[in-house]
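Remarks on the structure that follows.
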Amino acid sequence: MNDLSYEEKRERLEELAPEELAEIEAEDEGDDHPLPDLPNAEAYDEIRMRCAPNPNGPWHVGHARMPAVIGTYRDRYDGWFCVRFDDTDPETKRPDLEAYDAILDDLEYLGFEPDAVYRASDRLETYYDHARELIELDGAYTCSCPGEEFSELKNAGEPCPHRDKDAETVLEEFEAMVDGEYDSGEMVLRVKTDIEHKNPALRDFVAFRMIDTPHPREEANDYRCWPMLDFQSGIDDHLIGITHIIRGIDLQDSAKKQRFVYDYFGWEYPEVVHWGHVQLDAYDVKMSTSTIAELIEEGELDGWDDPRAPTLKSLRRRGIRGEAIVDAMVDLGTSTSDVDLAMSSIYANNRELIDDETDRRFMVRDGTELPLGGSPPAEANPPLHPDHEERGVREIPVGDAVLLEPDDLPDREERVWLKGLGCFRYTDGTLEHTDDDIDVVREGDVDVVHWVPASESVPLRMRTPEGDVFGRAEPGVADLEPDELVQFERVGFARIDNVAQSATDDSSNRRSRDRHEDEETVAYYTHD
RNA sequence: GCUCCGAUAGUGUAGUCCGGCCAAUCAUAUUGCCCUCUCGAGGCAAUGACCGGGGUUCAAAUCCCCGUCGGAGCACCA
C-alpha cells in the first residue's frame, strides 16, 4: 500500500469508502495552513513564476525557501516555474561554473523540476535590443559621470549634464558600449526615472555598465557591456511572461525601479510578493554562500556537504528528505519580516517521514568494555523495527564482553538491562547475567541500555554537525549499503555513508570496490 | 541623513483588508503522565503571545495617531 502514490491511494479509497475519504479531505483542509493565496491569481490564465538564483555556489538551507514556495504554488495553481540564472556580473558576483548544475541538483533533491531553465548570460542581445528601444523612447541616457559625482547630484535631486543628450548620441554611445569601446567605469547607461523622486533609491538607476573581466561561461565571454539586475530581470520577467514575482525584501525597491521601465514600454508589472530573510538557529557557520565557500577554501569545512555546513548538500548527505525541508519552508509563509527557522522543525518533519521505514541498530559511542559473566545467550535477536515484527530480527553475537556508553555504566551491584539480550548485575567489574525477566524493566527497577559486542562490532565514525563521533556498531551494520538509513537506538537516526570492506566477514566474496576511503565505516548523523 | 517595510507564545504561523463569533488557531519546542525492552514512535495533559502609549467605538489583535524596536534600499552586487 505504501508503494502507491498519493493519487493511487486516493483513488483506491474513493472506491472503498467514499464517505470516509470526503471526511478525511475535509479535515485536511481545516488542519493545514497552506500558503496564502497569490495576489490577484484569478486574473491570470496560468500562474507563471521564476526562481532567479545567482550561480555563485551550491545552495544553503535558506535558498530552499524559493523553490519550496514557488513549487507549492505551482502545484496549487497548476502553474509554471522556471529557473533563471541571473549571472550578469562576471566580476564581483562572478558565477561559479559548477554552481549551475549544483543548484539544479539541489532543486531536484527538494523534489522540484523546473519547467524551463534560462541563463541571463545567453540573452545579452535581447537586453541590448530593449535598451536600444528604451533609448529611442527617450527613457535612457549614457552617462560618464564618476560614481561619486553622480551620487552627489542624485542626492541633491539634480540631473547630471548627460541627461539631456539626444537619443541619437545616446544610441551611438550605447553601441560603443556594446562594442566594448569603453573600459570598466568609463560609461554607463542610465534609465531616466524621476531625478527628484522623494525616494533617492529610485532616481536614474544604472541599466548597463562596462566590465573588463570576461564572463566564465564560454558562450558569454566576449561581452563587456553587462546589464544590471534591475534591468535584466525586469525585461526577462516580462518576456518570459512571469505573472508573480516572489523574492526577498532586499529587492523591494527593485520593483519600483523596474516599473519605470515597464511604463516606458507600456507593460503591466507582475504581482509581487516580498519576504524577509531566513535565519537558521542551529549552526555556528554563517549561512552565506561566500562564507561557506571561504571556510571550504581554508579547509575548515570538508566541502559543501560537510555536516557542519548549513547547506542543502549537507542535509542531503545526512539523510534528510528534501520534503522535510520544503514543508518547513512552506510553514514559514511569506511574511515580510525576518524569520528564524528552527532546525527542529525540519527534524520533526523528517522524523515523521523516515521513522516507520528505518530499521534499528545498536551503536555505542566511546564505549567502555565490560566482561560478561554467568551464562548469557550466545546471540541477541532484537527486532529490526519495534513496530514491525514482520521485518525480522537482528543477529548479534554476544561474545564474552560488551561495550557500553559511559553514561550507561551501572553502579556497583546495580542491574542493567542490555536491550534484546537480558538482565545483568554489575559485580566486581563484570556483568553477571541474571535470571530476571523483562518484568524488572516494566517495574522500573532496571534501566534499559544499548550495547555492542566488544570483539565483533564494527568501528564507526559518525559525522555530526557538532563534529565527528567515534564508536562501534553491531556487526550487521557492515552489511548495510551506503545511503541506507538506520536508527541507532537511543542515539539517533543516521545515514550510512560508507561501509569499510574489511568490516564485512565475507569480504573475500564481495566484488571489490574501487573506493579509497573503504577502510572506514562512516555514518552521517541525521537527528535524534 | 533620506525613503520604504514590518512587529501575535522559545520558534513559525492563523486571524488584521470587511472591528464583535479571538479570555486568540495550528505546528514545533519544553515539561509531566501513559505506553514501549530506545532518550524514537504513539496517546494524554500542562506551559506560553496580540511591542508601548493615546484616540475612534457600545465593542479594537483588527481602524487612526505618536513612540519603541527590528529589517531593507539610497552600488557601475545579485
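Proteins get letters first, then strands, A, B, ... in listed order; numbering begins at 1 in each. Values reported hereafter were calculated over all heavy atoms of this structure, with side chains retained and with hydrogens, waters and symmetry mates removed.
Within the nucleic acid shown, A/Cys145 comes within 4.0 Å of at least one base atom, counting heavy atoms only. Base contact: A/Pro386 has a heavy atom under 4.0 Å from a base atom. At the heavy-atom level, A/Lys419 lies under 4.0 Å from base atoms of the strands shown. Residue contacts for A/Ser184: at a heavy-atom cut-off of 4.0 Å it reaches no nucleic acid atom on any strand shown. Backbone-only contact: A/Val206 has heavy atoms under 4.0 Å from sugar-phosphate atoms and none from a base. Within 4.0 Å of A/Phe488, counting heavy atoms only, lies no atom of the nucleic acid at all. Using a 4.0 Å heavy-atom distance criterion, A/Asp387 is classed as a base contact. Residue contacts for A/His274: at a heavy-atom cut-off of 4.0 Å it reaches no nucleic acid atom on any strand shown. Residue A/Gly276 is out of contact with every strand shown, counting any heavy-atom pair closer than 4.0 Å. Counting any heavy atom pair closer than 4.0 Å across all strands shown, A/Asp89 reaches sugar-phosphate atoms only and no base atom. At the heavy-atom level, A/Asp408 lies under 4.0 Å from base atoms of the strands shown. If you check every strand for non-hydrogen atoms under 4.0 Å, A/Met228 touches sugar and phosphate atoms only. No contact: A/Ser233 has no heavy atom under 4.0 Å from any strand. Within the nucleic acid shown, A/Leu229 comes within 4.0 Å of at least one base atom, counting heavy atoms only.
Counting only heavy atoms from C-beta on, A/Arg360 has its side chain closest to B/rU38 among B/rC37, B/rG73, B/rU38. Proximity note for A/Glu489 (side chain, C-beta onward) versus B/rC77, B/rU38, B/rU11: the nearest is B/rU38. For A/Val339, whose side chain is taken as the heavy atoms from C-beta onward, the closest listed nucleotide among B/rA78, B/rG12, B/rC4 is B/rG12. Closest to the side chain of A/Ile249, out of B/rA72, B/rC39, B/rG40, is B/rA72. Among B/rG40, B/rA7, B/rC76, the nucleotide with an atom closest to any side-chain atom of A/Ser337 is B/rA7. If you check B/rG40, B/rC74, B/rC77 against the side chain of A/Pro200, the one that comes closest is B/rC74. In the set B/rG71, B/rA78, B/rC76, B/rG71 carries the atom at the smallest distance from any side-chain atom of A/Gln252. Listed nucleotides B/rG71, B/rU38, B/rU28 differ in distance to A/Gln487; the shortest reach to its side chain belongs to B/rU38.
Annotation: cation-pi pair A/Arg65/A/Trp275 present, NZ/CZ under 6.0 Å from the ring centroid and within 45° of its normal.
Side-chain atoms of A/Asp356 and base atoms of B/rG42 include no donor and acceptor less than 3.5 Å apart. A/Arg442 contributes no side-chain N or O that forms a donor-acceptor pair with the base of B/rU36 under 3.5 Å. A/Lys93 contributes a side-chain N or O that forms a donor-acceptor pair with the base of B/rC77 under 3.5 Å.
One C1' atom belongs to B/rG73, the other to B/rG32, and the distance between them is 49 Å to the nearest Å. For the C1' atoms, the distance linking B/rA49 with B/rA23 amounts to 13 Å, nearest Å. The separation of B/rU16 from B/rA61, taken at their C1' atoms, amounts to 7 Å, rounded to a whole angstrom. A gap of 49 Å separates the P atoms of B/rC35 and B/rG71, to the nearest Å. Atom name C1', nucleotides B/rC50 and B/rA60: the rounded distance is 11 Å, in whole Å. For the P atom pair drawn from B/rC64 and B/rG20, the interatomic distance equals 15 Å after rounding to whole Å. Separation of the C1' atoms belonging to B/rC44 and B/rU62 is 35 Å when rounded to the nearest angstrom. Using P as the reference atom, B/rU13 and B/rG55 are 32 Å apart when rounded to the nearest Å.
Aromatic pair A/Phe85/A/Tyr118: centroids not less than 6.0 angstrom apart. In this structure, A/Phe424 has its ring center closer than 6.0 angstrom to the ring center of A/His433.
A/Glu158 places its CD atom 19 Å from the P atom of B/rC2, with the value rounded to the nearest Å. Spacing between atom CG of A/Asn199 and atom C1' of B/rA72 amounts to 11 Å, rounded to whole angstrom units.
Here salt bridge (Lys or Arg N to Asp or Glu O under 4.0 Å) pairs that include residues 219-234 of chain A, with residues two or more places apart or in two chains, are A/Arg217-A/Glu219, A/Asp230-A/Lys257. Sequence neighbours left out, the pairs with a member in residues 339-353 of chain A that pass side chain to side chain donor-acceptor pair (under 3.5 Å) are A/Arg318-A/Tyr347, A/Asn350-A/His527, A/Arg351-A/Asp528.
At a threshold of 4.5 Å between non-hydrogen side-chain atoms, the residues A/Val398 and A/Trp451 count as touching.
At least one side-chain nitrogen or oxygen of A/Thr88 sits closer than 4.0 Å to the OP1 or OP2 atom of B/rA78. Close to B/rC76, at under 4.0 Å from its OP1 or OP2, lies no side-chain N or O of A/Arg224. Under 4.0 angstrom from either OP1 or OP2 of B/rA75 there lies at least one side-chain N or O belonging to A/Lys154. A close approach under 4.0 Å does occur between a side-chain nitrogen or oxygen of A/Lys198 and OP1 or OP2 of B/rC4. Contact annotation: A/Ser335 side-chain N/O to B/rG12 OP1/OP2 distance is not under 4.0 Å. Here A/Arg209 reaches the OP1 or OP2 of B/rC77: one of its side-chain N or O atoms lies under 4.0 Å away.
Under the 30°/60° scheme for interplanar angles, the aromatic rings of A/Tyr262 and A/His238 are found to stand perpendicular.
A ring pair (Phe, Tyr, Trp, His ring centres under 6.0 Å) with A/Phe208 is found for exactly one of A/Tyr223, A/Phe231, A/Trp226, namely A/Phe231. Results of the side chain to side chain contact (heavy atoms under 4.5 Å, CB included) test with A/Leu341 over A/Met287, A/Gln279, A/Met329 single out A/Met329 as the only residue that passes. Looking at A/Arg190, A/Lys192, A/His197, A/Arg163 one by one, the single match for side chain to side chain donor-acceptor pair (under 3.5 Å) with A/Asp204 turns out to be A/Arg163.
Across the interface with RNA chain B, nearest-nucleotide mapping of A/Arg351 and A/Leu421 shows A/Leu421 to be the residue nearer the 5′ end.
Electrostatic pairing of A/Glu489 and A/Lys419 counts as a salt bridge here, judged by a charged N lying under 4.0 Å from a carboxylate O.
In RNA chain B, runs of at least 3 consecutive Watson-Crick or G-U pairs, each pair with both distances below 3.5 Å, span B:1-7 with B:68-74, B:10-12 with B:26-28, B:29-34 with B:42-47, B:51-55 with B:63-67.
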